[in-house]
Each structure stands twice: as C-alpha cells, then as structure tokens.
Amino acid sequence: MSAAKRVQQWATFARTWHVFDCKWQDPYESAHVIKKYLMGLHKPIYHPMNDCGDVVVCINSKDIALRGNEWRKRAYFHHTGYPGGASWTLAWELHNKDPTMIIKKAVYRSMTGNLQRRHTMQRLFIYPEDKVPEDVMQNVTNQIRQIRLVPTRLDHIPEEEVKNFPKIMDYPEDYVLK
Amino acid sequence: MAMIRAGLQRIANIFSGPQGGILSRFATNLVPVESKPVPETTKDVIAACNKLIEQNASRNFAIVHLLGKQWRITDGDLLVVEGYWPPNIGDKLTLDKVLLAATKDFSLIGRPLVQPGLVTVTATVISKGLSHTRTHFKKKRRKQFMRINFQRAQQTILRINSIEIANKVNEAPKNVF
Amino acid sequence: MSAKNLFLPAAFVRAPLQNGVGRYVCQLQRITFKFCKSHGGSRGLRDFIEQNLVEFAKENPGVVVYMKPRRHRSPVIVGEYLNGDRVWMSVHNKTHDEITKWVEVMRTQQGDVSSSRLRKYQYTDHPSIQGPWTPFTFKIPELNTAQLPDPKFGANNRLPQSATEELRLMFEKQKLNVKEEELKVAE
C-alpha cells in the first residue's frame with residue numbers, strides 16, 4: 001500500500017474512545033446504546049469480521065438507576081460449576097459487592113451470544129466513580145449522550161432563576177405552613 | 001412622472017394584465033417554488049452551488065433508481081441488472097430517476113427526485129446474457145420430498161458514460177420535457 | 001460465508017478494454033454451426049440456417065459465420081469472443097425458435113458470462129468521491145478542545161417540551177418588550 005493509502009486506512013479504521021456517564025441511567029437502556037459503539041455498528045464500515053469496534057469508558061456506575069422494584073427484586077444467577085454451587089444474588093447485594101457488575105452484565109446480555117462477545121467486552125471499561133486513570137482518560141475523544149434526563153435538583157437551581165420564575169400566586173406573609 | 005408610472009404598469013401587466021397581457025399565456029396559477037422570496041442564506045448557498053457547477057472541477061456521482069433498486073453510480077462504472085429488460089446491446093439510454101446528485105463540494109438531494117432537467121445520466125448497454133446456474137434445492141426430511149430447480153436469470157450489463165449537472169440550481173431548465 | 005466452488009469461480013464484473021466508454025463493439029468474434037444434413041436432431045438448426053442465417057450475417061457484419069456440415073454428428077453451435085472465451089453449446093433436438101433465441105443470447109453476451117459467479121453487481125474505479133468516511137467526518141469540531149466528560153456533549157437534549165416550559169414560553173411571548181428570537185428554551 002502506498003503511504004497515502006495507508007494513512008487513509010488508518011484514518012478510516014481508527015478506534016475511537018468514548019466516555020459515557022452512567023449517572024441516573026437505566027443500565028439496560030444504556031447497554032443497548034453502548035453495545036452499538038462496542039461492536040462498531042455505528043460505523044458505515046461495519047462488518048462482523050472487521051474488528052471495527054470502539055472502546056467505551058463508563059463512569060459513575062455506582063449511581064446507576066434501576067426501574068421500579070428491581071433493586072429489591074431482580075436477582076442475578078451464578079453457578080460455580082460444582083454441585084450445590086448455584087446462587088441467586090439480588091441487585092442491591094451485587095451492587096454493594098461490586099458497583100461495576102450490573103452494567104457489565106447488562107452490556108454482556110445485550111450482545112448476541114457468539115464467540116466475539118468476550119473479545120468485545122474487553123473493550124469496555126467501567127469505573128464506579130469519576131476517578132479514571134490518566135492514561136485511559138487521555139485517549140477519550142467523544143462522549144455518548146445519556147438516554148434518560150438527569151433532572152436538576154431543586155436545591156441546585158441558581159437563586160436568580162428561582163426569584164425570576166413567574167409566580168401565579170404566593171402565600172400571604174403571615175400564612176403559617178403546616 | 002405619470003408616464004413613467006404608466007410604463008412600469010404596462011411592464012408589470014405583460015404577464016398578468018386584465019384581459020391577458022401579451023405573455024400572459026406563460027404565467028400560470030400554479031406558482032412555482034422559485035418565484036417565492038427566499039431568505040438570504042439560501043440565496044448564498046444556491047449562488048455558490050451554481051458557481052461550482054460552472055467550474056465543473058470534480059467527478060460527479062448520482063444515486064439513480066433503476067428496476068426497483070437504487071444504485072450509486074459515477075462516470076465509467078459497470079452495473080449488472082437482473083431480469084427481463086428490453087434494451088438491446090449498443091443502445092444508449094438516459095437514466096431519469098435521479099434521487100441524489102453530488103460532487104466533491106456539494107450535493108443536491110431530491111425529494112424524492114431531483115428536478116427533471118437538472119442532471120443527465122447517460123449509459124450504454126454492453127452485454128445481455130444469462131447468469132450462472134442457480135440451484136434452488138428443497139427438501140423435507142423423512143417425507144420423501146426433494147426438488148431441485150435450476151434457474152438462470154437474464155442479466156444486462158450497463159456502462160455509465162457520463163453524469164452531468166447540466167443546468168443551474170433554482171433556474172428554469174434549458175431542456176424541458 | 002464464502003461459497004467456494006472449483007468449477008464455478010467467483011469473479012467481479014468486468015468489461016474487456018473499456019467497452020462502452022468510447023464506442024461499443026460487439027463482442028462475438030465468430031460462430032460455427034456444425035450440423036448433419038440428414039439426421040433428425042439437426043432439423044431445428046437446418047431450419048435456422050435456411051431461414052435466418054443470412055439475415056443474421058448481414059445484420060452483424062463484425063461476426064464471422066462458419067458452417068460445418070458433418071455427417072452422423074449431433075448439431076452444435078460454438079461461439080468465440082474477443083476476450084478469448086469459447087462457448088460450446090449442443091442444439092441436438094432443439095426447435096427452430098429455441099435456436100434463434102440461443103443464437104441471440106450468444107450474440108449479445110460479452111464472453112462466457114455464465115461460467116463464473118458474479119460477486120458484486122457493480123464495478124467502479126472511484127468508490128469514493130467526497131472522501132472515504134473517517135470517525136471525524138460528521139463530528140462537531142468543538143469536541144477537539146472540549147474537556148470530557150462535559151454535560152454539553154453528554155446530557156440528553158432530545159426530550160419533548162414539557163407543559164411547564166410551554167406555559168413559561170407563552171408567558172414570555174405575551175410580554176410587550178420581548179422579541180421571539182430572544183426567548184431561550186430550557187432543557
């Protein structure tokens with residue numbers, strides 16, 4: 001290949017590092033989006049034999065939000081292979097033990113069960129908080145948008161906005177709130 | 001002053017006019033999109049595109065709808081089309097259903113087709129033959145049912161001769177159908 | 001995923017010598033008709049030769065037509081093309097109409113097209129005009145200098161407008177001293 005064509009090949013098949021903030025996100029919905037980037041399905045050059053997947057770095061995985069009763073009810077099954085080695089772990093127990101496991105299992109489950117799955121999972125990095133090693137964060141060039149809206153906390157809204165917000169009615173000054 | 005006004009009025013009445021001005025037969029009630037006032041950025045973009053069309057610097061490619069399928073073609077490439085198709089070898093064709101035409105610097109996207117006279121795509125039929133034999137094998141196991149169907153489809157090979165963006169964008173086409 | 005067959009090789013679409021770009025040349029070089037003058041199996045071919053062959057030769061001046069009457073041999077048509085392919089076809093017991101159609105197929109082919117499986121139905125020398133895709137083709141340039149993770153790129157911005165927001169915008173619009181472009185939509 002000539003030098004120019006080789007540079008073009010490097011450019012087209014370059015592996016991008018994406019960062020995804022899992023704060024207050026549903027792991028199963030996010031897994032659907034993350035798996036696309038891991039497998040390379042977001043690229044027009046995708047082919048299953050092409051090794052075109054990107055790296056995804058998930059941060060704040062301890063702040064994940066499961067729906068409804070799932071923290072109490074959802075159980076993860078594990079068998080050690082030995083007789084009597086079956087165990088069912090509830091979501092909250094698993095999260096306490098290892099805060100990265102829930103989203104890792106969610107992404108693993110969202111992919112097809114073929115031989116490429118384990119190799120693709122190696123491209124996923126999950127960190128429970130904001131703290132990411134320097135060399136990993138230096139490679140990151142793109143951010144994946146969150147799926148669920150993270151609402152601003154009422155006490156995080158700046159004071160001027162609260163004052164200038166149009167009021168329909170206000171309590172009289174001597175009114176006592178129970 | 002009054003004469004100037006009358007003159008301007010007469011010029012304005014050439015197309016509209018009460019009992020039909022001289023050229024009123026060229027004006028229709030169906031106002032074409034071009035006569036509506038366009039905002040500034042659109043005008044700039046169109047002017048830039050027209051300048052690039054005049055310069056004709058790079059290769060063009062187009063997406064054309066042919067025999068139910070859409071093909072991305074450029075000058076000098078080969079296309080194989082399957083099924084019964086009347087055109088004979090050596091015939092020159094124009095492919096009219098152009099969905100998108102583009103050069104290195106700009107693209108014209110049709111909704112769904114580009115304006116009829118704007119892009120001319122010419123092609124020549126090179127060869128008409130039969131495909132390789134395809135076997136369609138059916139079997140139902142344990143039911144003594146086995147069928148083999150041999151099929152050869154007619155294939156026509158087209159050579160795309162040229163793709164030209166002939167007219168300017170947003171102006172009346174010179175070659176009206 | 002790959003269909004390998006020793007007897008049906010896979011090939012890409014090709015046309016010999018840029019045929020069609022400048023002028024078009026008929027690819028059939030010569031046809032040879034081998035037939036028996038008396039045997040029944042050559043009846044169709046004999047009818048074709050008597051009725052249609054002279055017209056065929058006149059309409060295709062670039063094709064050389066040979067005839068080989070051979071006793072006690074089954075009828076055969078052999079076509080030779082400009083790219084060197086040789087197509088042998090037995091027309092034993094074929095009717096006159098069928099033979100006319102097969103001769104037409106031979107005339108319009110550009111070689112032995114059915115001996116190879118076409119891998120793709122298109123061929124270009126210039127697969128990319130606006131430049132091949134790179135991961136940076138459709139990315140926002142501000143990403144280059146951004147400090148990731150940044151809520152500007154990370155927060156969800158595709159939600160439908162909430163009722164509160166609509167009420168607020170309605171209130172802002174009916175104010176006298178506010179223009180439409182200055183209204184900022186939250187979220």
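A, B, ... follow the sequence lines: proteins, then strands. Residue 1 opens every chain.
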Test side-chain hydrogen bond (donor to acceptor under 3.5 Å, both in side chains) on B:S162 and B:T122; report intermediate values, then the result. CA-CA 5 Å; B:S162 70; B:T122 43; 2.7 Å; yes
Can B:T124 and B:R159 be said to form a side-chain hydrogen bond (donor to acceptor under 3.5 Å, both in side chains), step by step? CA-CA 5 Å; B:T124 322; B:R159 163 87 71 187; over 6 Å; no
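Contacts of B:D105 with chain C are absent, with no heavy-atom separation under 4.5 Å from either backbone or side chain. With a threshold of 4.5 angstrom between heavy atoms, B:R134 approaches chain C through side-chain atoms but not through N, CA, C or O. Only the backbone of B:V125 has a heavy atom closer than 4.5 Å to any heavy atom of chain C. Only the backbone of B:T103 comes within contact range of chain C, with heavy atoms under 4.5 Å apart. The contact between B:Q155 and chain C is made entirely by side chain atoms (from C-beta outward), counting heavy-atom distances below 4.5 Å. For C:I129, the parts sitting under 4.5 Å from any heavy atom of chain B are the backbone and the side chain alike. Looking at B:I157, the atoms closer than 4.5 Å to chain C (heavy atoms on both sides) all sit in the side chain, from C-beta outward. Both the backbone and the side chain of C:R107 come within contact range of chain B, with heavy atoms under 4.5 Å apart. Contact of C:T124 with chain B is made through backbone and side chain together, with heavy-atom distances under 4.5 Å. Heavy-atom distances place no part of C:Q27 under 4.5 Å from chain B, backbone and side chain included. With a threshold of 4.5 angstrom between heavy atoms, C:Y123 approaches chain B through its backbone and through its side chain.
Nearest heavy atoms, B:I165 versus B:I53: O-CG2, 3.6 Å.
Annotation for B:R59: atom CZ counts as buried by contact number, over 12 foreign heavy atoms lying within 6.0 Å.
Inspection of the B:H132 and B:R152 side chains reveals no N or O donor paired with an N or O acceptor under 3.5 Å. With 3.5 Å as the limit, one finds no donor-acceptor pair spanning the side chains of C:E80 and C:Q29.
Most heavy-atom pairs under 4.5 Å with chain C: of the set B:L130, B:N60, B:L79, this distinction falls to B:L130. When each of B:Q154, B:R72, B:E82, B:K104 is scored by its heavy-atom pairs under 4.5 Å with chain C, the top score falls to B:R72. Ranked by heavy-atom pairs under 4.5 Å with chain B, the list C:G111, C:P127, C:S115 is led by C:P127. Top candidate by heavy-atom pairs under 4.5 Å with chain B, chosen from C:Q109, C:Q122, C:K120, C:E104, is C:Q122.
Aromatic ring orientation, C:F33 versus C:F48: tilted (interplanar angle from 30° to 60°).
A salt bridge links C:E172 with C:K175: the closest approach of a Lys/Arg side-chain nitrogen to an acidic carboxylate oxygen falls below 4.0 angstrom.
Of the possible donor and acceptor atoms, none in the side chain of C:N52 sits under 3.5 Å from a partner among the backbone N and O of C:T100.
A cation-pi arrangement is absent between C:R86 and C:Y81 under the rule of less than 6.0 angstrom and at most 45 degrees off the ring axis.
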